[in-house]
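What follows is a single structure, written as structure tokens, with notes after it.
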Amino acid sequence: KNEVEQSPQNLTAQEGEFITINCSYSVGISALHWLQQHPGGGIVSLFMLSSGKKKHGRLIATINIQEKHSSLHITASHPRDSAVYICAVDGWSGGGADGLTFGKGTHLIIQP
Amino acid sequence: NAGVTQTPKFQVLKTGQSMTLQCAQDMNHEYMSWYRQDPGMGLRLIHYSVGAGITDQGEVPNGYNVSRSTTEDFPLRLLSAAPSQTSVYFCASRTDSYNEQFFGPGTRLTVL
């Protein structure tokens with residue numbers, strides 16, 4: 001079973017700061033997902049990546065397959081970025097098994 | 001598209017009662033999954049399906065049943081509710097294991 005670790009667990013920052021959230025996993029994967037969950041809200045997929053880097057607006061996700069590590073960056077952070085950010089990994093399903101393995105999430109608060 | 005829908009949003013049960021959490025998607029996705037989210041535990045896979053008529057167990061299947069008679073619907077049945085099943089339940093779907101997952105809004109269940 002893949003072990004997915006996120007750091008930090010909690011992060012409070014000021015508006016405008018550059019934010020980095022880290023995710024490491026123990027076993028080789030086919031893809032890694034970054035998800036966002038606002039308080040009391042649903043879960044939204046931000047990125048799915050298997051190599052390199054992806055960018056969407058102020059969000060950037062990178063992955064290093066060899067080091068089994070991914071980072072999510074937020075540039076020019078804003079209070080509306082306050083949410084829980086969850087890292088999840090897809091194993092090599094082979095036989096068609098589905099379902100992600102999730103980290104416990106990083107609770108981010110951006111203060112005005 | 002409505003995406004992934006779940007009903008009810010909230011439910012309170014007494015120990016021993018049974019109920020069905022409904023999940024439907026209108027994106028013609030083959031893969032559907034049920035997760036539960038508990039504080040400090042992250043999301044955990046309960047059951048999943050890779051197509052109509054095909055289901056399998058995830059990490060925490062005990063006390064839950066599923067069936068998949070159509071591509072659109074994937075209900076989760078609690079056979080005899082227990083306080084340990086108090087949680088937030090998310091249904092999710094995707095085209096296959098190489099694409100992003102779409103999550104429903106969640107059902108908050110309390111078992112007294």
Exercise for review: Give a yes or no on whether A:Ile74 and A:Leu32 share a hydrophobic cluster (residues Ile, Leu, Val, Met, Phe, Trp, Tyr; joining criterion: side-chain heavy atoms under 4.5 Å apart).
Suggested key: yes
To the nearest 0.5 Å, atom CG of A:Leu49 lies from atom CD of B:Glu100 at 12.0 Å
Self-check item: Heavy atoms of other groups near A:Gln9 CD, more than 12 under 6.0 Å
Solution: no
In terms of heavy-atom pairs under 4.5 Å with chain A, the winner among B:Gln6, B:Arg108, B:Gln37, B:Met41 is B:Gln37
Practice item. May I ask you to check whether over 12 heavy atoms, not counting those of B:Arg44, lie within 6.0 Å of atom CZ? Key: yes
So CG of A:Leu35 and CG of B:Leu43: to nearest 0.5 Å the spacing works out to 8.0 Å
Looking only at B:Ala92, B:Gly40, B:Pro105, B:Gly106, the option with the highest number of non-hydrogen pairs under 4.5 Å against chain A is B:Gly40
_In this structure, would A:Val4 and A:Leu108 fall into the same cluster of hydrophobic residues linked by side-chain contacts under 4.5 Å?_
yes
Any chance you could lay out the side-chain contact (heavy atoms from CB on, under 4.5 Å) test for A:Leu100 and B:Arg94, step after step, and finish with the verdict? CA-CA 12 Å; A:Leu100 304 173; B:Arg94 55 178 168 173; 3.7 Å; yes
Note to self: Can you confirm whether A:Gln14 is buried at CD, in the sense that more than 12 heavy atoms of other residues, nucleotides or ligands lie under 6.0 Å from that atom?
What the structure shows: yes
Rounding to 0.5 Å, atoms CG (B:Asp38) and NZ (A:Lys104) come to a distance of 11.5 Å
